[in-house]
Amino acid sequence: MRSIFKASVTALATAAVLAGGSMAFGQSLTGDLKIFLDTSNPAPRATMEQMIARFQAEHPDLNIETTVIDREAYKTQIRNFLTADAPDVATWYAANRMRPYVEAGLFEDVSDLWEDADIKNNLASTKGAMTIDGKQWGVPYTYYQWGIYYRKDIFDELGLSEPTTWEEEKSNCAAIVASGRACYTIGSKFLWTAGGWFDYLNLRTNGFDFHMDMAAGNVAWTDDRVKQTFANWRELIDMGAFVANHQNYSWQEALPFMINGEAASYLMGNFAVAPLREGGLTDDQLDFYQFPAITDGVAMAEDAPTDTFHIPANASNKDAARAFLKFVVSANEQTEINNGKNLGQLPVNASSSIDDDKFLNEGFAMLSSNSPGGVAQFFDRDFPAEMAAEAMQGFQEFMVFPDNLDDILARLEKVRERVYK
Amino acid sequence: MTTETEIQPRSWYKRNEIAVTPWLFLAPAILFFLVYVIFPIFQSIGISFYDWDGLGEARWVGLDNYVELADDSAFEVSLWNNLKWLVFYLLAIPAGLFIALFLNQTVTGIRIYKSLFFFPFVLSQVVVGLVFSWFYLPNEGLLSNMLSYIGLGPLNVLGDPTWATYGIIAAGLWPQTAYCMILYLTGLNAVDPEQVEAARLDGAKGWKMLWYVIIPQLKPATFIAFVVTIIGALRSFDLISIMTNGGPFGQTRVLSFYMFEKALSEYGFRMGYGAAIAVVLFLIMLVFIAYFLWSMWSEERGR
């Protein structure tokens, strides 16, 4: 009697599972789903946890286990856990930054997800950043613009307006320096902030295609066009445009210069807005402009780093992982996690709505209509890791000792010859 | 019959107990030493002949990594910085000795003073690094303020490639001096009062007393202080990581930090190159280790 009852229950359950599987995706998800996150800052962490809770509510039979790892530590730990004890879903970054793991066969090819009409039509803008060798290796979940965040009240006080050309940028800067302030705050202790400056100066001086050609290793660092980028950079350095002793500070430690009005602007990603607001700047004091054009005729191109989700090749529950990736990029979730209360960044899904925030609106408009040249990821995501590490160190040295430029470029050229061989 | 069973040979273990027991006690230590120290040393040396990103296939490159090291200016800088660390870190020994001599008296509350002087050694290196990096801050830092009182311009110790390494070494000396001091304080307790008395009768005092009577008796303490300081200098990593992260532009890196950057850090994917740096560091350490072992051995033989 009992065994008959048990058997029929099993049969019913199997039928339900089969039916569920054919009905809507994910209804049948069971087992464990291990998610590793690098979103260790309080706000992104809460956002992710809420999002995972909503996914859990849709799939009550799934046993989801979330591990949040410190963002910096994650960058070194990922190599271990991808090979040894792989989760089912892991966060990472787009473009070249994922290449080592793609080439080592540690990320799952998810091109099938990108065939899905929803994703194919709505995520087209980030597809390139997720593609290596013609296949897609993950999905994006957020991206954000870079640009110049500035103190509007200081600009008003000095009678300056948002510059659109290099000449205006320099004359603005001269006025700011004359008023006893620095034009730009920057903290280059951890080097990557200087990479942002190089990106923009090179994109504006030589254009997107040249920049990407450089990232691919096809241009010598000693090339005259590269030297022109540094010559433009040097104009700013010689004016005293950057805060002094920036090599001692992290990007967060450089924020007070702007908050206290000792520096007028900051070339940064949109994530700088939250701490600037918390530091006491109101939206009347804080504003944003696109990095001005330098060379005439060079199409504007922007940095918009994309953060991503991947399925490790060694994952054990790839069905659930695929369902989770689909869930993350769905229009509703994208609207929710990127709004001002959560990540405060741009949704990757074209059908999502953007939160009504001054900076997000400006950023979205800039990226969708005023970046005809193309959208780059960021220096250390577009260039191979080794090249990026050496180059950013060179940028920092250049910003402190501009006279060392020839020596720096010769060194970088040597590295290029080795890295891309 | 019965007698035969009685003189049946004892078990093998019983017969060899005295010879075997020490090895049994040593076995766990030997096993772990082999697995976690000796084997990795040879493994590192092996990896240093490969080009390997830690994930994919390793490719044999022979001595290429070492050839590249010979021509690597960052490696050269790290090597020189290691040398600076070795030389200047040794200042902890005389400094520790003089503080110990100063504190080796019977005054009320001397224990409190001793504890206060010992205090920095108790702090974590991370805390020491943080405190000193605040002390060195270019504008707000205590050092810049003190310098401005005596009319010297602001000095950005950690941002200046020529000063940064010395700044970090100074931070490292603070706890290391305390360590050497405690070693000498225990050593001073063992100084033979009769010899001091005899020397005093012969008219020795001041420097002569110190140099010819006290210091020779502190030899064991000096040896240990020397060993821990040399090893401390070669292991310097945490302070650099906290205070400058190897910067400005890599000018404060030492070999251990450079190895970490090349092999294990955010942008590091060159296990073979990192291993080659580790091998060079190991050879440098080997010189000192050999000297320490040799001097300990000759000491024991001399008895």
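Only a predicted model underlies this, so the values are computations on that prediction, with no experimental measurement involved. Numbers restart at 1 for each chain; the letters A, B, ... are given by sequence-line order, proteins then strands.
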ask   = OH of A:Tyr420: more than 12 outside heavy atoms within 6.0 angstrom?
value = yes

task = Pick one of side chain, backbone, both or neither for B:Ser133, based on which atoms fall under 4.5 Å of a heavy atom in chain A.
result = neither

query = Given a strict heavy-atom distance threshold of 4.5 Å, which part of A:Phe401 is in contact with chain B: side chain, backbone, both, or neither?
reply = side chain

message = Please report the interatomic distance CG(A:Asn245) to OG(B:Ser144), rounded to the nearest 0.5 Å.
response = 8.5 Å

query = Side chain, backbone, both or neither: which part of A:Gln393 has an atom under 4.5 Å from a heavy atom of chain B?
reply = both

query = When only pairs under 4.5 Å are counted, which of B:Asp71, B:Asp53, B:Leu137, B:Asp160 shares the most heavy-atom pairs with chain A?
reply = B:Asp71

inquiry  = Quick check: closest heavy atoms across A:Thr76 and B:Glu266, and the distance to 0.1 Å?
reply    = CG2-N, 3.8 Å

Toward chain B, the part of A:Leu106 with a non-hydrogen atom under 4.5 Å = side chain

key: chain B contact via A:Tyr249 - which portion, at a heavy-atom distance below 4.5 Å   = side chain

task = Would you name the heavy atoms of A:Glu397 and B:Phe249 that are closest together and state the gap between them?
result = CA-CD2, 3.1 Å

task = Indicate the atoms forming the closest heavy-atom contact of A:Gln247 with B:Pro248, along with that distance.
result = CG-CB, 4.1 Å

query = Can you tell me how far CZ of A:Arg418 sits from CG of B:Asp64, rounded to the nearest 0.5 angstrom?
reply = 11.0 Å

Engaged part of A:Asn248 at the chain B interface, taking heavy atoms whose separation is under 4.5 Å = side chain

Nearest heavy atoms of A:Arg79 and B:Ser265, plus distance in Å = NH2-O, 3.2 Å

key: Residue pair B:Tyr267 / A:Ala389: nearest heavy atoms and the distance that separates them   = CB-CB, 3.6 Å

task = Check each atom of A:Glu72 against the heavy atoms of chain B and say whether the ones under 4.5 Å are side chain, backbone, both or neither.
result = side chain

key: Proximity breakdown for B:Glu68 and chain A, heavy-atom pairs closer than 4.5 Å   = side chain

query = Is the count of non-hydrogen atoms from other residues, nucleotides or ligands lying under 6.0 Å from B:Trp163 atom CH2 greater than 12?
reply = no

message = Within this structure, what is the CD-CG distance for the pair A:Gln77 and B:Leu264, rounded to the nearest 0.5 Å?
response = 12.0 Å

